[in-house]
Amino acid sequence: MAIERTLILIKPDGAARRLTGLTIDRLDSTGLELVGAKMVKVSEALAREHYKALADKPFFPNLIRYIRGEFHGIKDGRVLALVYRGENAIKRVREIAGATNPEQAAPGTIRGSFGRITTAQQFENVLHASSDPADAAREVALWFAAGEVLD
Ligand code: UDP
Ligand code: MG
């Protein structure tokens, strides 16, 4: 099995509801290794680049506002960005995160336990996690400079 790196963002709902520690605890429980961590101010350009595959979706404008903290009063639109490394890391993190739609996420997953759908139909689901190797490589390089992620 491949050694992978995967990008995790604690989304503004996760930060506002003080789920950062719980999320890191769940990530650490996988046995994967934490190899990158920093607080990032999410510019409009960074948000749009991160989610560019979704640019034509009806929920895209609100998704950009959400990740920049506009719905949660997060100063400067800041998020905690993490990189975890290990065997099958991408899939293992997606498994503990749970499905994108909090109503479909399995009980006990982070999203199944703490996610919600707003009255505006926004999925607030606590964390971002890379979905496949190509996305993970692109996202780690987008959020971290080369020397910021350890081997
Ligand atoms: N999203 C949403 N409504 C949808 C689909 C996605 O609000 O119908 C939001 C949700 O916050 C999700 C993000 O857009 O996490 C990115 O969507 P993606 O399909 O990449 O899901 P993810 O990879 O985060 O599970
Ligand atoms: Mg995705």
Side-chain angles (χ1 to χ4, degrees), residues 4-30 32-85 89-90 92-132 135-150:
E4 298 171 335
R5 289 179 182 73
T6 186
L7 178 85
I8 294 103
L9 304 174
I10 309 295
K11 288 176 163 183
D13 57 317
R17 294 166 71 199
R18 298 301 188 253
L19 295 168
T20 300
L22 179 143
T23 301
I24 293 175
D25 193 45
R26 298 278 180 94
L27 291 165
D28 275 343
S29 298
T30 62
L32 295 169
E33 193 180 357
L34 178 59
V35 293
K38 65 172 175 178
M39 293 299 299
V40 181
K41 285 186 192 174
V42 187
S43 68
E44 173 107 20
L46 176 58
R48 286 175 170 275
E49 183 63 23
H50 177 73
Y51 281 126
K52 69 179 178 186
L54 302 172
D56 59 352
K57 303 286 186 198
F59 57 82
F60 184 74
N62 275 343
L63 177 58
I64 299 307
R65 297 176 69 198
Y66 164 43
I67 197 67
R68 299 191 69 217
E70 287 187 33
F71 300 135
H72 297 89
I74 304 287
K75 191 179 163 195
D76 308 327
R78 54 184 69 179
V79 302
L80 177 61
L82 305 168
V83 179
Y84 273 79
R85 176 187 174 281
I90 297 165
R92 285 165 65 194
V93 172
R94 291 287 296 195
E95 278 170 2
I96 62 157
T100 303
N101 180 337
E103 278 188 0
Q104 289 169 0
T109 62
I110 300 169
R111 288 167 163 183
S113 302
F114 304 107
R116 70 178 196 127
I117 303 178
T118 69
T119 51
Q121 297 303 307
Q122 181 75 42
F123 299 170
E124 292 186 354
N125 51 14
V126 187
L127 75 160
H128 168 80
S130 303
S131 58
D132 59 60
D135 261 356
R138 185 184 80 86
E139 292 172 358
V140 169
L142 179 63
W143 289 81
F144 286 85
E148 292 176 337
V149 180
L150 308 182

Trainee: Mind checking whether M39 and V79 have side chains closer than 4.5 Å, heavy atoms only?
Mentor: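 No, their side chains stay 4.5 Å or more apart.
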Trainee: Check whether any side-chain heavy atom of V42 lies under 4.5 Å from a side-chain heavy atom of I74, and answer yes or no.
Mentor: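 No. Closest side-chain heavy atoms not under 4.5 Å.
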Trainee: Inspect the contact between K11 and D13 and indicate whether a charged nitrogen and a carboxylate oxygen are less than 4.0 angstrom apart.
Mentor: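 Looking at K11 together with D13, the answer is no, because their closest N to O distance does not fall below 4.0 Å.
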Trainee: Within a strict 4.5 Å, meaning less than it, do heavy atoms of the L9 and L127 side chains meet?
Mentor: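 Contact flag for L9/L127 side chains = no.
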Trainee: Counting only pairs under 3.5 Å, give me each side-chain donor-acceptor contact of residues 21-28, with atom names and distances, residues two or more places apart or in other chains.
Mentor:
{"residue": "T23", "atom": "OG1", "partner": "L19", "partner atom": "O", "Å": "2.8"}
{"residue": "R26", "atom": "NH1", "partner": "G108", "partner atom": "O", "Å": "3.1"}
{"residue": "D28", "atom": "OD1", "partner": "Y84", "partner atom": "OH", "Å": "3.0"}

Trainee: Taking the side chain as everything from C-beta on, heavy atoms only, tell me whether L54 gets closer than 4.5 Å to F59.
Mentor: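 They are in side-chain contact.
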Trainee: Considering all heavy atoms of both residues, which atom of L46 and which atom of S43 are nearest to each other, and what is their separation?
Mentor: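 So the two residues come closest at N-OG, 2.9 Å.
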Trainee: Does the pair Y66 and H72 meet the rule for a side chain to side chain contact (heavy atoms under 4.5 Å, CB included), with working shown?
Mentor: CA-CA 8 Å; Y66 164 43; H72 297 89; 4.0 Å; yes
Trainee: For residues E148 and W143, report the shortest heavy-atom separation together with the two atoms involved.
Mentor: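 Between these two residues, the closest heavy atoms are OE1-O, 4.4 Å.
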Trainee: If we only count heavy atoms from C-beta on, is the I8 to V83 side-chain gap below 4.5 Å?
Mentor: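 No; the side chains remain at least 4.5 Å from each other.
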Trainee: Could you grab the distance from atom CZ of R17 to atom CZ of R116, nearest 0.5 Å is fine?
Mentor: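 Answer rounded to 0.5 Å: 7.0 Å.
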Trainee: I'd like a table of donor-acceptor pairs (distance under 3.5 Å, sequence neighbours excluded) in which one partner is a side-chain atom from residues 94-107, with atom names and distances.
Mentor:
{"residue": "R94", "atom": "NH1", "partner": "A129", "partner atom": "O", "Å": "2.9"}
{"residue": "E95", "atom": "OE2", "partner": "K91", "partner atom": "NZ", "Å": "3.2"}
{"residue": "N101", "atom": "OD1", "partner": "E103", "partner atom": "N", "Å": "2.8"}

Trainee: Is the backbone of L32 close enough, under 3.5 Å, to the side chain of T30 for a donor and an acceptor to pair up by distance?
Mentor: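 Indeed, once roles are kept as given, a pair shorter than 3.5 Å links the two residues.
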Trainee: What do the steps show when you test R138 against E49 for side chain to side chain contact (heavy atoms under 4.5 Å, CB included), and what is the final call?
Mentor: CA-CA 10 Å; R138 185 184 80 86; E49 183 63 23; 3.8 Å; yes
Trainee: Below 4.5 Å, heavy atoms only, C-beta onward: do H50 and H128 meet side chain to side chain?
Mentor: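 Yes, at least one pair of side-chain atoms sits under 4.5 Å.
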Trainee: Can you see which heavy atom on G14 is nearest to which on I10, and at what distance?
Mentor: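 Taking every non-hydrogen atom into account, C-CG2, 4.1 Å.
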Trainee: How long is the straight-line distance from CD1 of I67 back to OH of Y51, given to the nearest 0.5 Å?
Mentor: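 CD1 of I67 is found 4.0 Å from OH of Y51.
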Trainee: Between atom CD of Q122 and atom CZ of F71, what is the distance when rounded to the nearest 0.5 Å?
Mentor: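 One gets 6.0 Å once the value is rounded to the nearest 0.5 Å.
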Trainee: Nearest 0.5 angstrom please: R5 CZ to E33 CD, how far?
Mentor: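 Going from the CZ atom of R5 to the CD atom of E33 covers 9.5 Å.
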Trainee: Tell me whether R85 is salt-bridged to E4, with the criterion being a basic N under 4.0 Å from an acidic carboxylate O.
Mentor: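 Looking at R85 and E4, the cut-off is not met.
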Trainee: Hey, are the side chains of I117 and E124 touching, using non-hydrogen atoms and a 4.5 Å cut-off?
Mentor: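 With C-beta onward as the side chain, the pair stays apart.
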Trainee: So, for S130 and T6, which heavy atoms are closest and what is the spacing to 0.1 Å?
Mentor: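 It is CB-OG1, 3.3 Å.
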Trainee: Quick one, N125 and F114 - any side-chain contact, counting heavy atoms below 4.5 Å?
Mentor: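 Side chain of N125 against side chain of F114, heavy atoms only: no contact under 4.5 Å found.
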Trainee: Think K38 forms a cation-pi with F144, using NZ or CZ under 6.0 Å from the six-ring centre and within 45 degrees of its axis?
Mentor: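 Cation-pi check for K38 and F144: passes.
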